[in-house]
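Worth saying up front: this structure is predicted, and the values here are computed from it rather than measured.
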Amino acid sequence: MNKDMYKPIPIYDNVSWNLTSEACHILLISPSGAGKTVFLCYLAAMVLKRGHKILLIDGKNTAFGATFKSIGIQVATNPSEIIVMLENLVEEMEQVYQTHFSSACIDLDTNFSKLNLPATVLIWDEVLSGLDSGTPEQRKKMTKLLKQLALKSRMSGMGILVLTSQRILSTDLPKSITEQCQTRLLMGTNISEELYHVTLGGYKKDLTTGYHGGVGKGYVVTPKTGLTYFEAPYMDFSKINFKELLEKLVHKNNE
């Protein structure tokens, strides 16, 4: 087993992403051009490096999703595929609970790491766009399945969420989903007071040093750190063959 499998993923300074914590679900808000794709590539690579699995929803069918799909990672690009992916993930989550959490030796703090199980991380890029791409009935189904994962996947590790959007209003996603995303990140310039407040819970005008967001830069709030400035790890694709890196990581995990 990978000795670093459950080691937190460093992001910036004292900010990290711990897949085994109560703050495992991520909500990332990043307007166009703010560095979201590079950041997601870093997070995905770190998840794979630790021996976990990635699923990707790319409703806009971009090069980001195509790159992952080309090396064998499952990618959903339309409402029908999204629903099937979510249904399968919920079913796998329930199977983990039925198989591993019915034992008398299970404690209150038992989670997938204590059972030496790998996690499955679902990256849903542009979640609002994906939900809106379906019929009202499809949107209802996708939202229901996403709620189940947000509420129940943390202990099993099956369906840890990374949800992204260019912007979000308080009414765009049910609170049962957003409140479970206890790691919230906001990157970019020209961020409105409303977007800052909905994402991070505070007010941009209250920042004592002023707002310093930019490309790959912004603010994050977690239960451990509170509100703090961060800079996303940078991957220079002119020097890194990212597809080749992904292929090596996936191959290693499949050995």
| said: I'd like to know whether CG of D206 has more than 12 heavy-atom contacts from other residues, nucleotides or ligands below 6.0 angstrom. | reply: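 More than 12 heavy atoms, drawn from other residues, nucleotides or ligands, come within 6.0 Å of this atom.
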| message | Going by ring pair (Phe, Tyr, Trp, His ring centres under 6.0 Å), name the residues that satisfy it together with Y203, two or more places apart in sequence or in a different chain. | response |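 Scan of Y203 (ring pair (Phe, Tyr, Trp, His ring centres under 6.0 Å), adjacent residues dropped) gives H197.
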| For H212, which residues count as a ring pair (Phe, Tyr, Trp, His ring centres under 6.0 Å) partner, sequence neighbours excluded? |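 In terms of ring pair (Phe, Tyr, Trp, His ring centres under 6.0 Å), with neighbours along the sequence ignored, H212 is linked to no residue.
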| Does any N or O in the side chain of H52 come within less than 3.5 Å of the main-chain N or O of V47, such that one atom is a donor and the other an acceptor? |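 Side chain of H52 to backbone of V47, a donor-acceptor pair under 3.5 Å: no, none is there.
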| said: Under 6.0 Å from the ring centre and within 45 degrees of the ring axis: does the NZ or CZ of K204 meet both conditions for the six-membered ring of Y196? | reply: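 No, cation not above the ring by the 6.0 Å, 45° rule.
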Residues which pass side-chain contact (heavy atoms from CB on, under 4.5 Å) with [X], listed by chain and number, not counting sequence neighbours:
{"X": "Q95", "result": "E91"}
{"X": "E126", "result": "K36, K60, S129, S165, Q166"}
{"X": "T20", "result": "Y6, N18, N111, F112, S113"}
{"X": "F64", "result": "T37, L40, C41, L56, T62, F68, D125"}

Partner residues of [X] under the salt bridge (charged side-chain N to carboxylate O under 4.0 Å, His left out) criterion, sequence neighbours left out:
{"X": "K248", "result": "E244"}
{"X": "E87", "result": "K141"}
{"X": "D132", "result": "R139"}

My understanding is that only residues two or more places apart in sequence, or in another chain, count here; which of them pass side chain to side chain donor-acceptor pair (under 3.5 Å) with [X]?
{"X": "E231", "result": "Y229"}
{"X": "T222", "result": "T225"}
{"X": "K147", "result": "none"}

| Non-hydrogen side-chain atoms of S21 and Q182 separated by less than 4.5 Å |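 Side chain of S21 against side chain of Q182, heavy atoms only: no contact under 4.5 Å found.
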| Which heavy atom of L245 sits nearest a heavy atom of A45, and at what distance? |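 For L245 and A45, the tightest heavy-atom pair comes out as CD2-CB, 4.5 Å.
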| Do you know which of I168, T178, T171 makes side chain to side chain contact (heavy atoms under 4.5 Å, CB included) with V198? |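 That would be I168.
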| task | Give a yes or no on whether the ring-centroid distance for Y42 and Y234 is below 6.0 angstrom. | result |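 No, ring centres 6.0 Å or more apart.
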